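Below, chains carry the letters A, B, ... as their sequence lines are ordered, and counting in each starts from 1. Fair warning: this is a prediction, and the values are worked out from it, not measured in the lab.
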Protein chains: 2
Amino acid sequence: MSADPKGKAGARPTPKPMQLDDVSKAIIEQLQADGRRSYAEIGKAVGLSEAAVRQRVQKLTDSGVMQVVAVTDPMQLGFYRQAMIGIRVAGDTTKVAEALGRISAVDYVVLTAGSFDMLAEVVCENDDDLINLLNKEIRAIEGVQSTETFVYLKLIKQFYNWGTR
Amino acid sequence: MSADPKGKAGARPTPKPMQLDDVSKAIIEQLQADGRRSYAEIGKAVGLSEAAVRQRVQKLTDSGVMQVVAVTDPMQLGFYRQAMIGIRVAGDTTKVAEALGRISAVDYVVLTAGSFDMLAEVVCENDDDLINLLNKEIRAIEGVQSTETFVYLKLIKQFYNWGTR
DNA sequence: AGTGAAACGACCGTAGA
DNA sequence: TCTACGGTCGTTTCACT
């Protein structure tokens, strides 16, 4: 979940960018709309044979540019409270971030520059769960100095990315 | 991208939760690992026939619990700067949030309660792009009073969700 | 990096427990 | 809700461009 695919830990895993042509971009768009769409169908949409589509998808996934995965809707699973938590830390931020990552209700952790040392997104069933998560788990981590909670009211836009390692 | 599947705008789209058994959870885990895994293969892993897996996946996607999609790595596409931006607004927050959503460099917008009215995640090629995005696009939106930027240093954990509508 | 063809395997509807 | 089965379509490999 946080292991880099290759190279030393802490090193930039990909110093090289990657230039995608319009066809590869179109293929990615097809799979962003539906990750299980068949290669043949994508081929029809982008004007390529299925074999060619498959080769390009293989290359895109092998090189780590793209990934096809299942994503779930927390609301539909009974997690009615989501929030982003800004956290200020004393000492080593990495240890705190990793401790946060071990909490299952925490689905996103990123180290940041700015008035917070890190941001953590959490998923809870209700307000009581959120209070417990904050007091008993997050603020109990050694080194956590203060937290600021931004409860989610409504999602306006979401586009799936991964990376920033 | 922000249209609710059914029901009046602003209404809770799913007042009912959903109870998943262990088999459905296992199927979701399989697809979280690889969204293109075949139904037959998943069936072997979870101890079910191919048709049964297919039926359950259909139900999970139709009900909106799960979605299989492609996600891309911004770093591999040359976007070396990511940041979360906390925004304070005067007046109607929805209009500002929708204006943010129309900016392609903005991949995530959520209305929040707390010291920010909304959070926006942005993806940029470099620091100059980020400065331009902030000054020329985000802070130029009518109603934006102040912004606070948290530049991403390192992603520690990521788990894919969608929803909170 | 692309196509085309043939063998194989996955997918889908239907029937039945 | 599951398994079983047959028709159809997608995928894979390979030879070729």
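As a whole-Å value, the separation of A:Gln30 CD from D:dG10 C1' is 16 Å. One atom, NZ of B:Lys59, and another, P of C:dC12, lie 18 Å apart when rounded to the nearest Å. Regarding B:Gln58, its CD atom lies at a distance of 15 Å from the C1' atom of D:dT1, rounded to whole Å. One interatomic measurement links the two molecules: CZ of B:Arg36 to C1' of D:dT12, which rounds to 14 Å at whole-angstrom precision. Counting to the nearest Å, the P atom of C:dA1 and the CG atom of A:Asp21 are 10 Å from each other. Note: CD1 (A:Ile42) to P (C:dG2) measures 14 Å, nearest angstrom.
Counting only heavy atoms from C-beta on, B:Ala51 has its side chain closest to D:dT3 among C:dG4, D:dT3, C:dC11. Distance from the side chain of B:Ala40 is smallest to C:dA10 among C:dG2, C:dA10, D:dT11. You'll find that the side chain of A:Ala52 is closest to C:dT3, out of C:dC12, D:dG10, C:dT3. When distances run from any side-chain atom of B:Arg54 to the nucleotides C:dC12, D:dT12, C:dT3, the shortest one goes to C:dC12. Comparing atom distances between the B:Arg56 side chain and each of D:dT11, D:dC2, C:dG13 picks out D:dC2 as nearest. Listed candidates were D:dT11, C:dT3, C:dC11. Nearest to the side chain of A:Leu48 is C:dT3. Closest contact between the side chain of B:Tyr39 and the listed nucleotides D:dT11, C:dT3, C:dC11 involves C:dC11.
On a pure distance criterion of 3.5 Å, a polar donor-acceptor pair joins the side chain of B:Glu50 and the base of C:dC12.
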Would B:Leu155 and A:Tyr108 count as a side-chain contact (heavy atoms from CB on, under 4.5 Å) if you check the C-alpha gap in whole Å, the side-chain angles of each, and the deciding distance to 0.1 Å? CA-CA 8 Å; B:Leu155 182 74; A:Tyr108 191 70; 3.4 Å; yes
Given B:Arg54 and B:Glu50, is the salt bridge (charged side-chain N to carboxylate O under 4.0 Å, His left out) satisfied, shown in steps? CA-CA 6 Å; B:Arg54 187 158 35 86; B:Glu50 175 265 320; 2.8 Å; yes
Audit row: B:Ile87, B:Leu100, side-chain contact (heavy atoms from CB on, under 4.5 Å) steps and yes/no: CA-CA 11 Å; B:Ile87 301 170; B:Leu100 283 167; 3.6 Å; yes
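By the 30° and 60° cut-offs, the orientation of the rings of A:Phe116 relative to A:Phe150 is perpendicular.
Within 4.0 Å (heavy atoms only), B:Gln55 reaches at least one base atom of the nucleic acid.
Considering only side-chain N and O atoms, B:Arg37 lies nowhere under 4.0 angstrom from the phosphate OP1 or OP2 of C:dA10.
Between B:Ala45 and B:Gln30, the shortest heavy-atom contact is CB-NE2, 3.5 Å.
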